[in-house]
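By convention in this document, chain letters (A, B, ...) are assigned in the order of the sequence lines, proteins followed by strands, and residues within each chain are numbered from 1. This is a predicted model, so every value here is computed, not measured.
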Amino acid sequence: MPELPEVEITRRGIAPHLEGQRVREVVVRQPHLRWPVPARLRSELPGQHIVAVRRRGKYLLLETEVGSAILHLGMSGSLHVVAAGTPPGKHDHVDIVFANGRSLRLRDPRRFGAVLWTTRPASSHKLLRALGPEPLSDAFDADYLFAASRGRRVSVKALIMDSKVVVGVGNIYASESLFLAGIRPQTPAGRIARRRYQRLVAAVRQVLAAAIEQGGTTLRDFTDSEGRPGYFQQRLQVYGRGGEPCPLCGGRIRSLQLGQRNTFYCPRCQH
DNA sequence: ACTGGCTCCTGAGGGC
DNA sequence: TGCCCTCAGGAGCCAG
């Protein structure tokens, strides 16, 4: 399930193969993703050169002179650069074929992902316009998060998973960050003091940066663009460890449902 | 303005 | 070995 670190790993893996390349063709085998793959992608992207491969939150942007392809991996999507003639698998829905004979191939069994096209600046696209700051940028600091939490009755976990508040923090890293910060996930966001948000911001940054360094988290099937798994799952302290001893205090890690999401925490270490 | 619930989809994993 | 059932999960969308 790609969160920000997995998307960033993917971006770093594909960017060197894409930048400067000219698109020859877009092959859509299954247009029914989260939203229909737009016809204009197939008519307007071919002929263009990829100028840059960027990431905004969990969105990947393939930028050209005339527009940008916007990609989202949903929860089961992955991107690989394949050689011409590589036979597509059952869930290989879209190929962006380059003049050099290689293709960027999107595989997404659950089809929660998306491939879109915009000829305006990507940042003004409906899906990107209202996104919160990048968690690894200077804009994401304790003052900002504290201010964003005032008056909010949602749990602090839901707050940091809200992409309008901060992008890229998914279910796994939310639990991990709150454990590191010593904050209970279910605490109403508006009742947490500024000083504790200081710890939380530091924890989110630390967890995400460490996950990127480890190549991401592979729970089921995430691999980078070269097919390598991530190693951060070995560093997960609480996620998926309900009933196991807490790595800090030895108490039992508890799991609960929070906003329809599986949540893990240590009742002794997190308050 | 907020909030919680629903929705898309398929593979994995458990029970028997 | 195989079948059926349940569930995970990003995040936009909508109703209250």
Touch class at under 4.0 angstrom, heavy-atom based, for A/K90 against every strand present: sugar-phosphate
Any side-chain donor near an acceptor of the partner, A/K157 and A/S175, under 3.5 Å: no
Spacing between A/F112 atom CZ and C/dG12 atom P, to the nearest angstrom: 14 Å
Side chain of A/Q257 - closest among C/dA11, B/dG11, C/dA8: C/dA8
Rounded distance in Å - CZ (A/R34) to P (C/dC13): 7 Å
Euclidean distance, atom CD of residue A/Q260 to atom P of C/dC7 [Å, nearest integer]: 13 Å
Neighbour count >12 (heavy atoms, 6.0 Å) for atom CZ, A/R252: no
Check: A/L41 and A/L116 side chains under 4.5 Å, non-hydrogen atoms: no
C/dG12 OP1/OP2 closer than 4.0 Å to side-chain N/O of A/Y59: yes
Salt bridge present between A/R54 and A/E63 (N-O < 4.0 angstrom): yes
A/E25 with A/R42: basic N within carboxylate O range, under 4.0 Å: no
Given DNA chain B, 5'-ward residue of the pair A/R261 and A/A158, judged by closest heavy atom: A/A158
Proximity to the side chain of A/H91 - top-ranked nucleotide from C/dG12, B/dG11, C/dG9: B/dG11
A/R111 side chain, from C-beta outward: closest of C/dG9, C/dG12, B/dT10: B/dT10
Interatomic distance where CG belongs to A/D162 and P belongs to B/dC2 [whole Å]: 10 Å
Sugar-phosphate only, base, or nothing, as touched by A/D108 at under 4.0 Å among non-hydrogen atoms: nothing
Sugar-phosphate only, base, or nothing, as touched by A/G170 at under 4.0 Å among non-hydrogen atoms: nothing
Minimum heavy-atom distance A/L236-A/I172, with the two atoms named: CD2-CG2, 3.8 Å
From C/dG12, C/dG10, B/dG4, nucleotide with atom closest to A/V154 side chain: B/dG4
Selection from C/dC13, B/dC2, C/dG10 that lies nearest to any side-chain heavy atom of A/R152: B/dC2
Length of the line joining A/R153:CZ and C/dG16:P, which is rounded to integer Å: 19 Å
A/K126 side chain, from C-beta outward: closest of C/dA8, C/dG10, C/dC13: C/dC13
Sugar-phosphate, base or nothing in reach of A/L33, heavy atoms under 4.0 Å: nothing
Rounded distance in Å - CD (A/E3) to P (C/dG9): 9 Å
A/L73 CG to C/dA11 C1', straight-line distance once rounded to whole Å: 14 Å
A/P109 side chain, from C-beta outward: closest of C/dG10, C/dG9, B/dT10: B/dT10
Closest to the A/H32 side chain, choosing from C/dG10, B/dC8, B/dG4: B/dC8
Distance-only donor-acceptor test, A/R110 side-chain atoms vs C/dG10 base atoms, 3.5 Å: no
Spacing between A/R150 atom CZ and B/dC2 atom C1', to the nearest angstrom: 16 Å
